Amino acid sequence: MQGIRWNTLVRIVVGIAQVALGLLMVWLSRRFIDETIRTGTERDIVWMVVWLVVVVLGGVVLRQVYFYMTTLAHTRQTNALRLQVFGRLFNRRLYAGQSLHSGDVTSRLAKDIDVVGEATTSLIPKAVVTVIQLAGAFFLMYSMDRRLAWMLLLLTPLVILFGKLIARPLKRMTLEIREDESRINMQVQEGVEHNATLRSLGSEPWVTERLGSMQDNLMGHVKRRTRYTVATRMVLASCFGLGYLLAFVWGGLQLRAGVITFGVMTAFLQLVSQIQNPILTLLNMVPQLIHTTASIDRLEELLQLEGEDRLLDTLGPVASGVAGVRADDVQFRYDDGERAVLEHFTYDFRPGSKTAVMGPTGIGKTTLFRLLLALVQPGQGKLTLYDGAHSWPISPATRADFVFVPQGNTLMSGTVRFNLQLARPDASEEELQQVLHTAMADFVFDLPGGLDTEIGERGIGLSEGQAQRIAIARGLLRPGSVLLLDEISASLDEDTERSLFSRLFAAFPDRTMILISHRPAVSALCDGTVRL
C-alpha cells in the first residue's frame, strides 16, 4: 500500500459519502411517498424533487471521482510493484540453481502484478465502504422493522463460513491456471525467438500442436474453476433471492395489516438490496482475494530470491589507473554440477597485459569471466584486483572495474544510440563516434538514421558481425581498467579481426585485456596465452 495510502483514505471517505447519499435517497423516497405526496404543498413537492435530484447527481459525481482516483492508484501501484520486482531480478544470484524462464517472469510481471495491484488499490477501500454500507442499511432497516433486519443479517455468518470452505480449493485451482499461463508464455516466447531454427528443423506443426495441447490443458483448468465458482454462486444467489422474497412477502403482509405504509414498503425493498448487495459484494471479493494470494505467492518467489551482497554506493571503479588480476588456487563447481569446472587455477594477469585464454569448449573459459565479474564465487582460493598501491578481493563491488563484451549478438530493440548508452547514458557524441571507430563499426554512420537507426530485437536488421562490433563499442564506453572479451571476433573475417585488435590495442595500450578465443591468430597478437 506504500505510495497510495492517502489516495486510499480519500477514496474511502468518498465511498462513505456515496453510502450516505444512498441511504439518504431511501429516507427521502419514503418521506416523499408517505408525507410529501399525501399532505405536502406544491412548494414541498418541488423542494423534495430538488433534493432527490441533488442526491442523484451527487452520487454520479462521487462515483466518477472514485473511479478517477482508483485508476490513478492502480497505475501507480502496478508500476511500483513492477519496478520493485524488476529491480530485484538484477540483484539475484546468477548460476546458483535458481532457474528462471523469461516467459514465466514476464507472466508474473504482467498478469500477477495486475492482479495484486487490483487487490491493493480496489478491494481494500471497496471492502471498507461495503462494510459501512451494510451497517448503515441494517440500522436504517432496524429502525423500521427489527425482526426483518435481523433475519436478513443472519445470512452474513453463513456467507463467511461458506467463503472459508471454498477458499482452499479455489486457491489451488488458481495456482494451476497461473502455472499453465506461464508455460504458454514460455512456449510462445521461445517460438518467436527461435522462429528461424524451428522452420529449418521443420518442427513448426509439432510446436504449434504442442502449444494447442497446453492451451487445452489451460481451458480444462479454467472450466473446472469456473464450474466450481458457478456452483457456489448459485447457492449464494438462491439464498439472497429467498432473502429478498422474504422481505417482499413480509412487507406485503405488514402492508395488508396496515402496520406499514407504502413508503415504508418502498424503503424495505430498497434496503433489502442495500443489505444483500454488500454481503454479495463481500462474498465475490473472496475468489478475487484468493486469486490475489496466489499471485502474491508467485511474486514473493521472485522477491525472495537469494541476492548479491552489494551496496549501491560502491558501484564505481575502485582501482585507479592500470589494474591487474591475480588468481590463487581457484576452484569452482556449479551448484548443479558433478565435477569442478576450474581446479587449482593460478595466474597473474599483469596490469596492461594482453592475454589469450584458450581451451576446448566446456573447459571453464566463460566461467573464469563469471568469477572475475563476481557473478559466481569460487569454492576455494581467491581472486584479487590490484593496482600499484592497493588490492581488493573480487566481489560485486569490483564489477565496475571490468569491461565485459560477451560472445554473440546481445543488442536490444531500440536505436543504435540507445544500445550504446546502456553502457554510459551520458556519453557525448564524440565519445560515441570514437568507440564505434575503434570497434570497426563506422558503418553505423552510413545507416539511414545513423546513430538513431532503429534496430529490432537481438539486432534484427544487422548482420551478426555488425551487431557484434556495436556490442564491442558499447563495452568500450565503460570506464573499467580490465577488458574481458569473449570470442568478440568469432563472426568476423581474418582481415577485419586483425584490424579490430590493432585498433583496440592502440586505443587502450594501458588497459589489461583478457581474451577468450579459439583462433591461434588472436593468441599470436597477445603478450601471453593461458590454456585451460
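Small disclaimer: the values here were computed from a predicted structure and weren't measured.
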- Which residues share a side chain to side chain contact (heavy atoms under 4.5 Å, CB included) with R417, sequence neighbours left out: T415, Q421, E429, L432, L451, D452
- Query: Between the main-chain N or O of G359 and the side-chain N or O of K365, is there a donor-acceptor pair closer than 3.5 Å?
  - Reply: yes
- Query: Do T355 and M513 touch side chain to side chain, with heavy atoms closer than 4.5 Å?
  - Reply: no
- Nearest-0.5 Å distance that lies between atom CE in M69 and atom OG1 in T8: 8.5 Å
- For T398 and P393, the nearest pair of non-hydrogen atoms, with its separation, is CG2-O, 3.6 Å
- Query: Any donor and acceptor pair, going by atom type alone, linking the side chain of R11 with main-chain N or O of T121 inside 3.5 Å?
  - Reply: yes
- Message: Nearest 0.5 Å, please: how far is CD in E118 from CG in L123?
- Response: 6.5 Å
- Message: I'd like to know if the side chain of E431 reaches the main chain of S428, judged simply by a donor and an acceptor atom lying under 3.5 Å from each other, with no hydrogens or angles considered.
- Response: yes
- Query: With side chains defined as the heavy atoms from C-beta onward, is the minimum distance between R399 and F404 less than 4.5 Å?
  - Reply: no
- What residues form a side-chain hydrogen bond (donor to acceptor under 3.5 Å, both in side chains) with N419, not counting sequence neighbours? none
- Begin with the C-alpha distance, continue with both residues' side-chain angles, and end with the deciding distance and a verdict on side-chain contact (heavy atoms from CB on, under 4.5 Å) for I394 and L371. CA-CA 8 Å; I394 295 295; L371 285 164; over 6 Å; no
- Dump the intermediate steps for side-chain contact (heavy atoms from CB on, under 4.5 Å) on F501 and I488, then the final yes or no. CA-CA 10 Å; F501 283 110; I488 64 170; 4.1 Å; yes
- Kindly check if the number of other-residue, nucleotide or ligand heavy atoms within 6.0 Å of NE2 (H518) is above 12? yes
- Task: Would you check if L373 and L484 make a side-chain contact, meaning some heavy-atom pair closer than 4.5 Å?
- Result: yes
- Message: Suppose we screen for side chain to side chain contact (heavy atoms under 4.5 Å, CB included). Which residues come up paired with S213, at least two apart in sequence or across chains?
- Response: none
- Item | Sidechain-backbone polar pair: S499 side chain, T496 backbone, donor-acceptor under 3.5 Å | no
- Item | Partner residues of S295 under the side chain to side chain contact (heavy atoms under 4.5 Å, CB included) criterion, sequence neighbours left out | D112, V115, V116, R178
- Query: How about I455 and S413: do any of their side-chain heavy atoms sit closer than 4.5 Å?
  - Reply: no
- Determine whether V322 and S481 make a side-chain contact, defined as any pair of heavy atoms from C-beta on separated by less than 4.5 Å. no
- Task: Enumerate the residue pairs fulfilling salt bridge (Lys or Arg N to Asp or Glu O under 4.0 Å) with a member in residues 491-500, sequence neighbours excluded, ordered by first and then second residue.
- Result: D495-R498, E497-R519
- Message: My understanding is that only residues two or more places apart in sequence, or in another chain, count here; which of them pass side-chain hydrogen bond (donor to acceptor under 3.5 Å, both in side chains) with Y68?
- Response: none
- Message: For G324 versus P351, what's the shortest heavy-atom pair and its separation?
- Response: N-CG, 3.7 Å
- Any donor and acceptor pair, going by atom type alone, linking the side chain of Q466 with main-chain N or O of S463 inside 3.5 Å? yes
- Of all heavy-atom pairs between Q468 and Q407, which one has the smallest distance, and what is that distance? OE1-C, 4.0 Å
- Task: Carefully, step by step, assess L385 and F402 under the rule side-chain contact (heavy atoms from CB on, under 4.5 Å).
- Result: CA-CA 10 Å; L385 175 75; F402 292 86; 4.2 Å; yes
- Is there a donor-acceptor contact under 3.5 Å linking the side chains of R350 and T512? no
- Query: Considering residues at least two apart in sequence or located in another chain, which fulfil the side chain to side chain contact (heavy atoms under 4.5 Å, CB included) criterion with T346?
  - Reply: D328, D329
- With sequence neighbours left out, write down each residue that passes side-chain hydrogen bond (donor to acceptor under 3.5 Å, both in side chains) with S353, or none if nothing qualifies. none
- Task: Among R298, R108, K111, find the one that has a salt bridge (charged side-chain N to carboxylate O under 4.0 Å, His left out) with E181.
- Result: K111
- Query: Which heavy-atom pair separates R474 from A423 by the least distance, and what is that distance?
  - Reply: O-CB, 3.0 Å
- Task: Could I get the full list of ring pair (Phe, Tyr, Trp, His ring centres under 6.0 Å) partners for F86, not counting sequence neighbours?
- Result: F90
- Task: Take L532 and V357, measure what side-chain contact (heavy atoms from CB on, under 4.5 Å) needs, and give me the verdict at the end.
- Result: CA-CA 7 Å; L532 299 178; V357 178; 3.9 Å; yes
- Item | From CG (D114) to CG (L109), nearest 0.5 Å | 12.0 Å
- Message: Within the 4.5 Å heavy-atom criterion, are V482 and R511 side-chain neighbours or not?
- Response: no
- Quick check: does any side chain N or O of T453 sit under 3.5 Å from a backbone N or O of G450, one acting as donor and the other as acceptor? yes
- Can you run down the salt bridge (Lys or Arg N to Asp or Glu O under 4.0 Å) pairs that involve residues 432-451, sequence neighbours left out, and say none if there aren't any? D442-R503
- Distance-minimising heavy-atom pair for G364 and L342: O-CD2, 4.1 Å
- Query: Can you tell me how far the CE atom of M358 sits from the CD1 atom of I363, to the nearest 0.5 Å?
  - Reply: 13.5 Å
- Message: To the nearest 0.5 Å, what is the distance between CD on E487 and OG1 on T366?
- Response: 8.0 Å
- Message: I want to check something: taking the side chain as every heavy atom from C-beta on, are N217 and H221 in contact at a cut-off of under 4.5 Å?
- Response: yes
- Separation between CD of E179 and CD1 of I184, rounded to the nearest 0.5 Å: 12.5 Å
- Are more than 12 heavy atoms from other residues, nucleotides or ligands located less than 6.0 Å from atom CZ of F67? no
- Note on the structure: Exactly one of V403, L504, I514, I472 clears side chain to side chain contact (heavy atoms under 4.5 Å, CB included) with L485, and that residue is L504
- Message: The criterion is ring pair (Phe, Tyr, Trp, His ring centres under 6.0 Å); which residues satisfy it with F349, sequence neighbours excluded?
- Response: Y347
- Within a strict 4.5 Å, meaning less than it, do heavy atoms of the I177 and R225 side chains meet? yes
- Message: Please tell me whether S523 and T529 have a donor and an acceptor in their side chains that are separated by less than 3.5 angstrom.
- Response: yes
- Note on the structure: Applying side-chain hydrogen bond (donor to acceptor under 3.5 Å, both in side chains) to T226 and not counting sequence neighbours gives none
- Query: Would you say R424 has more than 12 foreign heavy atoms packed within less than 6.0 Å of its CZ?
  - Reply: yes
- Note on the structure: Nearest heavy-atom approach of I470 to A441 is N-CB, 4.5 Å
- Is there a donor-acceptor pair under 3.5 Å between the side chain of K354 and the backbone N or O of G352? yes
